[in-house]
Peer 1: 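Supplied in structure tokens, the structure appears directly below.
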Amino acid sequence: LFVHVTALTVKGEHRKRGIASRLMSQLEMVGANKLGALFVDLFVKEINTRAVNYYKGIGYVTSRVLSDYYDDCNALDMRKSLPADKLNRRMIPKKIIVR
């Protein structure tokens, strides 16, 4: 069981207030405590360095690259293990490109 983030957007004038971090933290807590999920995953544009660096900063790692997932670039499948994944198996990068 895992939690998938489909979209996370904070309107420009409300950025840098910790809103995204609070939302992600809440989602992770519900996934772990209410659902017993093993990990959270999300797809992000490989060229969206701001988002990639944000997710890395809150503990997400790139699990795999999805080639040409978006019209203009690849997607990164980023994941973060939750406490139920005691061995952090979901954190091990696959180092593969899925076409």
Side-chain angles (χ1 to χ4, degrees):
L1 178 66
F2 67 98
V3 176
H4 178 76
V5 177
T6 302
L8 175 63
T9 305
V10 176
K11 197 171 182 180
E13 63 263 23
H14 299 291
R15 291 184 182 151
K16 301 294 184 185
R17 296 184 187 175
I19 295 169
S21 295
R22 287 194 304 274
L23 288 169
M24 290 300 292
S25 178
Q26 187 69 24
L27 177 126
E28 292 165 7
M29 191 168 38
V30 168
N33 298 335
K34 302 280 186 191
L35 303 174
L38 294 173
F39 65 97
V40 177
D41 88 332
L42 55 93
F43 296 167
V44 64
K45 285 186 173 188
E46 188 174 43
I47 61 174
N48 188 346
T49 55
R50 176 186 276 174
V52 171
N53 289 331
Y54 166 74
Y55 291 119
K56 283 181 180 178
I58 61 169
Y60 285 76
V61 298
T62 300
S63 175
R64 60 188 174 145
V65 178
L66 301 155
S67 179
D68 300 320
Y69 184 83
Y70 298 105
D71 289 339
D72 58 344
C73 65
N74 298 335
L76 301 180
D77 178 359
M78 299 188 77
R79 296 182 178 190
K80 181 177 182 178
S81 285
L82 297 175
D85 184 14
K86 292 178 180 30
L87 300 177
N88 288 323
R89 291 186 179 146
R90 301 308 185 272
M91 297 290 280
I92 301 169
K94 295 184 174 66
K95 302 284 186 191
I96 59 170
I97 295 179
V98 178
R99 300 194 187 277

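Numbers here are sequence positions counted from 1.
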Peer 1: Say whether Leu8 and Ile19 are linked into one hydrophobic cluster, either directly or through other cluster members, by side-chain heavy-atom distances under 4.5 angstrom.
Peer 2: yes

Peer 1: How about CZ on Arg50, more than 12 heavy atoms from neighbouring residues, nucleotides or ligands closer than 6.0 Å, or not?
Peer 2: no

Peer 1: Looking at Val3 and Gly31, what are the two nearest heavy atoms and their distance?
Peer 2: CG2-CA, 3.8 Å

Peer 1: Is Ser21 close to Tyr54 at the side-chain level, that is, under 4.5 Å between some pair of heavy atoms?
Peer 2: yes

Peer 1: Examine distances only and state if a side-chain atom of Arg15 and a backbone atom of Ala20 form a donor-acceptor pair shorter than 3.5 Å.
Peer 2: no

Peer 1: Using side-chain heavy atoms (C-beta onward) and a distance below 4.5 Å, is Val40 in contact with Phe2?
Peer 2: no

Peer 1: Indicate if Val52 and Val10 have the same hydrophobic cluster label, given that clusters are the connected sets of ILVMFWY residues with side-chain heavy-atom separations under 4.5 angstrom.
Peer 2: yes

Peer 1: How many angstroms lie between CG in Asn53 and CG in Asn48, if you round to the nearest 0.5 Å?
Peer 2: 9.5 Å

Peer 1: Is the closest side-chain donor-acceptor distance between Tyr55 and Thr62 under 3.5 Å?
Peer 2: no

Peer 1: What I'd like to find out is whether the side chain of Met24 reaches to under 4.5 Å of the side chain of Ile58, using heavy atoms alone.
Peer 2: yes

Peer 1: Taking the side chain as every heavy atom from C-beta outward, state whether Val61 and Lys56 have any atom pair closer than 4.5 Å.
Peer 2: no

Peer 1: Test salt bridge (Lys or Arg N to Asp or Glu O under 4.0 Å) on Asp41 and Lys80 and set out the steps.
Peer 2: CA-CA 7 Å; Asp41 88 332; Lys80 181 177 182 178; over 6 Å; no

Peer 1: Rounded to the nearest 0.5 Å, how far does CD1 of Ile47 lie from CG of Asp72?
Peer 2: 4.5 Å

Peer 1: Please round to the nearest 0.5 Å and tell me the distance separating atom CE of Met29 and atom CG of Leu35.
Peer 2: 12.0 Å

Peer 1: Under a single-linkage definition using a 4.5 Å side-chain heavy-atom cutoff for Ile, Leu, Val, Met, Phe, Trp and Tyr, are Leu23 and Val5 assigned to the same hydrophobic cluster?
Peer 2: yes

Peer 1: Mind telling me whether Phe43 and Tyr69 have parallel, tilted or perpendicular rings, with 30° and 60° as the class edges?
Peer 2: perpendicular

